[in-house]
Structures are given as structure tokens and as C-alpha cells.
Number of protein chains: 2
Amino acid sequence: MNAFARIETPYTPVTPAIGRGADRLGETIGLAGARMRLERNAEIYGEGDAAEFVYRVVSGAVRISRVLIDGRRQIGAFHLAGDVFGFEPGEEHRFSAEAVSDCEIVLIGRPALLALAARDGELARSLWEHATADLARAHDHMVLLGRRSATEKVATFLLDMAAREGSRDRIELPMSRYDIADYLGLTIETVSRTLTQLESRRAIELTEARRIALRDRGALDRLAA
Amino acid sequence: MNAFARIETPYTPVTPAIGRGADRLGETIGLAGARMRLERNAEIYGEGDAAEFVYRVVSGAVRISRVLIDGRRQIGAFHLAGDVFGFEPGEEHRFSAEAVSDCEIVLIGRPALLALAARDGELARSLWEHATADLARAHDHMVLLGRRSATEKVATFLLDMAAREGSRDRIELPMSRYDIADYLGLTIETVSRTLTQLESRRAIELTEARRIALRDRGALDRLAA
DNA sequence: CGACGACTTGACGTGTTTCAAACGAGGTGG
DNA sequence: CCACCTCGTTTGAAACACGTCAAGTCGTCG
């Protein structure tokens, strides 16, 4: 993980992430961690790398993925501003993490974080919430990857992204069609076709490839099943 | 969750579950929790139910699933003896849990468990390990559900089950073809066809429908990709 | 302006689903 | 003990959604 060469100041503004209360974990990482700036496609860690840190996205987006020997790739999650990632059961990362777009992240050493959590109950609770939220998100994603049509997958994806970006009717996708395809278990062609089909049904509007207006949420909800 | 009517004695033998060390979480649930016996297909909790407990499988198997309005079902995980499940980010269960076969489980109230964990660092650590292990398993499952062929899915499933049952070359599936299909994102027909095809390739042997001998692990490994 | 990367569109092939029927084991009742 | 049912599983034939291969378009950057 050579990207660590570019570590910056150990400070970051805090954005609340989870639930209604303050995000103690985000706050802690922000205050006690190191900040770094990454450019598009920079690797944060690779599969098999030692899991030394826990990360928090300050701005931009990060993808967690695994590639098979034959090149197929599955993206396990996209992490946006406020999300914390890098939780591992062992000493190694089981997926790799890369910057989807230029982004800023903050990281904190696992031992340091665990030591802090041992003394700070609220931090421990926040850590727990982030981890279980990650688990819940993974479960939801599994349901999406199961036997669902391309239309369902794409519609659900768009609604999810809109909700995460603040529920406006105009979303800005940080990721390529390739990323979306690998996230949904489809090919780029199918993703593209599905989007144009959604547009012809008047459910969305594609101004630029990565700028999408949700024109009819009701229709999208119905298609998302 | 009416099944709670059948709570038994607050004791269970301890089987180690994770990593090399003792499984403090399993131990704690076993000692401080209530034990219950469930018969095949009994519901442990439903989607939307209050998440009051954390569960541990003593014997048998449990499935975690979500059903869509149109009846399609996705199984998120099978939990076997030693596994702990029921971790949730909020106050509600996001999936339902049912007994795949007759089984015994132990449960402990979340507040009680968290209180214990706050005072017992080793327990907190064990709790953390189980949760992250669950997350890792979910991630692996996502990779399996992504764009993989039926053969890859089934071969991987068989190898995984063998590993979890103790890596013998003869596995005993507690679940129906229906469960397997919904776990892998396939139909029962495809699962069945794939199994007979694996048998004709001499990779496995189907003595009874749920008794499978792994005849050629090398071949299975190759097919699992 | 030209070249490159990202995206879209088209025609065709195929793996998986769908619909349908048959099979087998286990259980019940005559 | 055999006939008969049921449930889970297997097998077959046909339809279809998505993948594959290939070409074309669009926007961006040098």
C-alpha cells in the first residue's frame, strides 16, 4: 500500500454518518487518524495485505472488490463520505480497496483504535454500529445479487445511490459503468441498455452518462420490486 | 417469535468456534443464555421483529433469509453448530431466521450481552471477531452470487460445506434443494441438474439426495474457479 | 484535429429459467 | 404387506434474459 506515502495532517472535519446521534467513531478517526488524498483508481489496500488500519471516507468514493483469476471482478461495496471501512476478522484484508474517484480518506491504526475503544464505551458502541451497519449493507447487497432481473438491480441501485447522496432527484455517479456492472453482477452492456430502457420508460433522464435525474420515483420503486 | 415458549435450561456445552483461542462469546452465551430446541422450519425471528437476542447454534442448521413480495427468497447465510447470528445495526431484524433442520440454539439478551462485554475485554473481542467473521462470510457470499456459473456456485458451495462440516469427503446436507437454490441464486432445477452433471463428471457421488461424497476435490476446486 | 477512453447500440448465441411431467423414498391406512 | 399418497427431487423440452462479439458514438484531452 504505497499510497501511504502521501499522508497529510492528522485532522479532518467531522461529518455525522450513522443514526441520529454523533458519530463517535468518525469523530475519533478524524481526530486521531491521519488524512490522505487519493486520486482516481489509487489502491488503498490489496487483497492479502496486512489489515493495519480502519478507514473513513471524507469525500469521494471507494470501492471494495475482489478479482478472480480469470479477471472477473465483484465489487462488494461502494463507500461514500462518512462511511467507515476496513473491518476484517483476521490480520489480512480479504478484499482490495480502491478510490473510485479522487477522494480523501482518514485512517487510524487498528491497535490504537481498539485501545481507545476499550476505554471509551461510546466509541466502542459507535464502532459496533458501523460494523453491523456494514454487515446489514452486505446482506442487502446479497439480496440484490440473487435472482433479480437487470431492471430490478439497476433501479434499486439508482434509488440507493439517491438515498445515500441525500435523496435529491438528481444523482451524480462517481463510478463508471464498469464499476456498476461489477457491483450488480451484470455486464456494462446490460447496465447501459437497462439505463436507456429506463429512460425510454420516462423513469429517469440521462443528461450526461454519470448525471441521472430520477424523473419518476414511483416507477423506479415499482421496478425495484 | 412464539418459539420462545420452549426455552429450556440456561446451560449448554461449549464448542469452540472461531480462530485458535477459546470462543469467549460462545462460552458466555452458553453459560448466561437460555437454550431452546427447534424443529425443522420453525421460525426463530421474522423480518421486522425486535432484535432482542443474539443467538448461537448448538446443533443443527439455521438459515437467514429475506423474501420479496412476489415470493422469491434469498438466503443470506446458513449457520451451523458454533456459529453466532442475530447481529443487527438497529432495533429490528432485517432478515428472518428459521431452523433448516431440527436444531438446538442458545440465546442471550442483547442488553445483557453488551453489559457483560463492557466489563470483559476478552468477551468484547470475541464478539467483535464473530461479527467481523460474519461480515467476511457475507462478502464471500456476495462474490459467489455475482456473475458466476451454476457449476461454479454449486462446486464452491459443496467445498464450503465440506470445510465447515470438518472437511471429510462425505457431506451431509441439512438443507433442501430449495434452500440451496435460494442460497446460490439459482432454481432448484438448475441445482439438481448441476449436481447430476458433477456426478457424471466423477467429481462427486450422490448416494442419497442429501448425502454427497466428494470424489475428486481437485476437479471441484478447478470448477469452483 | 486526431486519438483515446467511456459509453451506447446492434445482432447473435447460450446458460439458465420456465413449464411440465416423471420418479423415488417415506409414511399412512386398508 | 401392499396400495396409495405426499413431498422432495430429477429429468425433459422450449422460451427468454442476459452475455458475447462487434461496431459505432460521444466527450475529453493532448
Side-chain angles (χ1 to χ4, degrees), chain A residues 39-41 61 63 68 70-74 100-102 144-158 171-201 204-212 223 225, chain B residues 39-41 63 68 70-74 100-102 144-158 172-201 204-212 223 225:
Chain A
E39 48 193 33
R40 202 160 88 89
N41 292 325
R63 64 172 172 258
L68 307 181
D70 61 4
R72 278 173 299 173
R73 179 183 65 160
Q74 177 63 46
V100 166
S101 58
D102 291 353
L144 191 56
L145 286 169
R147 239 146 56 51
R148 312 287 295 272
S149 73
T151 307
E152 288 175 318
K153 287 178 174 180
V154 172
T156 305
F157 172 74
L158 292 177
I171 58 182
E172 186 92 32
L173 298 176
M175 71 288 286
S176 69
R177 295 287 188 269
Y178 221 104
D179 285 333
I180 299 173
D182 288 350
Y183 178 75
L184 296 177
L186 299 170
T187 60
I188 48 170
E189 293 94 332
T190 301
V191 170
S192 182
R193 274 186 254 272
T194 305
L195 284 170
T196 59
Q197 175 197 338
L198 287 177
E199 183 170 41
S200 64
R201 290 196 202 188
I204 63 172
E205 198 161 342
L206 288 158
T207 46
E208 295 168 58
R210 301 197 185 182
R211 271 187 172 286
I212 301 182
L223 292 170
Chain B
E39 47 192 34
R40 204 160 90 87
N41 292 325
R63 64 173 173 257
L68 308 181
D70 61 4
R72 278 174 299 174
R73 181 184 64 161
Q74 177 64 47
V100 166
S101 56
D102 291 352
L144 191 56
L145 285 170
R147 236 145 57 52
R148 312 286 296 271
S149 72
T151 307
E152 288 175 319
K153 287 177 174 180
V154 172
T156 305
F157 172 73
L158 292 176
E172 186 92 30
L173 298 177
M175 71 287 286
S176 69
R177 295 287 188 269
Y178 222 104
D179 285 333
I180 298 174
D182 288 350
Y183 179 75
L184 296 176
L186 299 170
T187 59
I188 49 170
E189 293 94 330
T190 302
V191 170
S192 182
R193 275 187 252 272
T194 306
L195 285 170
T196 58
Q197 175 197 338
L198 287 177
E199 184 171 41
S200 64
R201 290 197 201 187
I204 64 173
E205 199 162 340
L206 290 158
T207 46
E208 297 167 58
R210 301 196 186 181
R211 273 188 169 286
I212 301 182
L223 292 170

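Because only heavy atoms are used, hydrogens play no part in the values below, and waters and symmetry mates are left out as well, while side chains stay in. Each chain gets a letter, A, B and so on, in the order its sequence line appears, and its residues count up from 1.
- Spacing between atom CG of B/Leu206 and atom C1' of C/dA25 amounts to 15 Å, rounded to whole angstrom units.
- With A/Arg210 contributing its side chain and A/Pro174 its backbone, the two residues share a donor-acceptor pair below 3.5 Å.
- The listed nucleotides are C/dT8, D/dG8, C/dA6; the one nearest the side chain of A/Arg40 is C/dA6.
- Between D/dT9, D/dG19, D/dT10, one nucleotide has an atom nearer to the side chain of A/Leu186 than all others, and that is D/dG19.
- Nucleic acid contact for B/Leu195: none, since no nucleic acid atom lies under 4.0 Å from a heavy atom of the residue.
- Of all nucleotides listed (C/dC7, D/dT9, C/dT18), C/dT18 comes nearest to the side chain of B/Thr187.
- The backbone N or O of B/Glu152 sits less than 3.5 Å from a side-chain atom of B/Thr156, completing a donor-acceptor pair.
- The nearest whole Å value for the distance from the CG atom in A/Asp70 to the P atom in D/dT20 is 10 Å.
- Contact of the B/Tyr183 side chain with the B/Arg63 side chain is not registered, since no non-hydrogen atoms from C-beta on lie closer than 4.5 Å.
- Side-chain N or O atoms of B/Glu205 include none that pairs as donor or acceptor with a backbone N or O of B/Ile212 at under 3.5 Å.
- For the pair A/Arg177 CZ and D/dG27 C1', the interatomic distance rounds to 13 Å; values are reported in whole Å.
- In this entry the distance linking CD of A/Gln197 with P of C/dC7 reads 19 Å, nearest Å.
- Between A/Arg147 and C/dT18 there is a side-chain polar atom (N or O) within less than 4.0 angstrom of OP1 or OP2.
- Regarding B/Ile180, its CD1 atom lies at a distance of 14 Å from the C1' atom of D/dT10, rounded to whole Å.
- Contact annotation for A/Ile188: no contact, since no heavy-atom pair falls under 4.0 Å across all strands.
- Between the CG atom of A/Asp182 and the P atom of D/dG19 there is a distance of 11 Å, rounded to whole Å.
- The residue among A/Ser149 and B/Ser176 whose nearest nucleotide of DNA chain D lies closer to the 5′ end is B/Ser176.
- Counting any heavy atom pair closer than 4.0 Å across all strands shown, A/Ser192 reaches a base atom.
- Judged by distance alone with a 3.5 Å cut-off, a donor-acceptor contact links the side chain of A/Glu189 to the base of D/dC21.
- At a threshold of 4.0 angstrom between heavy atoms, the contacts of B/Thr190 include nucleobase atoms, whether or not backbone atoms are also involved.
- At a cut-off of 3.5 angstrom, the base of C/dG15 holds no donor-acceptor pair with the side chain of B/Arg193.
- What separates CD of B/Glu208 from C1' of D/dT10 is a distance of 16 Å, to the nearest Å.
- Mapping A/Thr151 and B/Thr196 onto DNA chain D by nearest heavy atom places B/Thr196 closer to the 5' end of the strand.
- Looking at B/Arg147, its side chain never comes within 3.5 Å of a backbone N or O of A/Arg72 through a donor-acceptor pair.
- Rounded to whole Å, atom P of C/dG15 lies 13 Å from atom CD of B/Glu152.
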